Amino acid sequence: MAKIIFVSGPCGTGKSTFADAYARHMVNESGKTVYVIHGDDFHAGYRGY
């Protein structure tokens with residue numbers, strides 16, 4: 001079963017660091033594919049290039 005885990009908090013508190021570390025942990029434990037999607041990718045006017 002697919003899971004969505006949402007991490008929220010103020011800027012600079014380590015959300016991305018935690019999410020990346022947890023994703024690596026989940027891949028190592030289950031061998032499944034894990035996607036980390038950052039909310040900044042969805043802000044109006046965001047340019048990822």
Side-chain angles (χ1 to χ4, degrees):
M1 173 182 273
K3 292 182 184 181
I4 297 175
I5 299 171
F6 185 81
V7 179
S8 180
C11 295
T13 58
K15 296 177 302 291
S16 294
T17 301
F18 168 77
D20 292 339
Y22 189 65
R24 281 192 303 276
H25 169 75
M26 294 300 295
V27 167
N28 291 336
E29 289 292 310
S30 68
K32 294 182 180 179
T33 301
V34 175
Y35 298 97
V36 176
I37 303 170
H38 298 278
D40 289 341
D41 296 345
F42 297 96
H43 286 210
Y46 175 77
R47 302 270 190 258
Y49 51 89

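Keep in mind it's a predicted model, so treat the numbers as computed, not measured. For this chain, numbers begin at 1 and follow the sequence in order.
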Exercise. Going from CE on Met26 to NZ on Lys3, what distance comes out if it is rounded to the nearest 0.5 angstrom?
Worked result: 5.5 Å
Seminar exercise, completed: side-chain contact (heavy atoms from CB on, under 4.5 Å) filter on Thr13, not counting sequence neighbours, yields Pro10, Lys15
Exercise. Among pairs that include at least one residue of residues 6-36, which meet ring pair (Phe, Tyr, Trp, His ring centres under 6.0 Å), considering only residues two or more places apart or in two chains?
Worked result: Phe18-Tyr22
Exercise. Should side-chain heavy atoms under 4.5 Å link Ile, Leu, Val, Met, Phe, Trp and Tyr, which residues sit in the same cluster as Ile4?
Worked result: none
For this session: Could you tell me which residues satisfy side-chain contact (heavy atoms from CB on, under 4.5 Å) with Ala23, sequence neighbours excluded, listed by chain and number?
Result: Val34, Val36
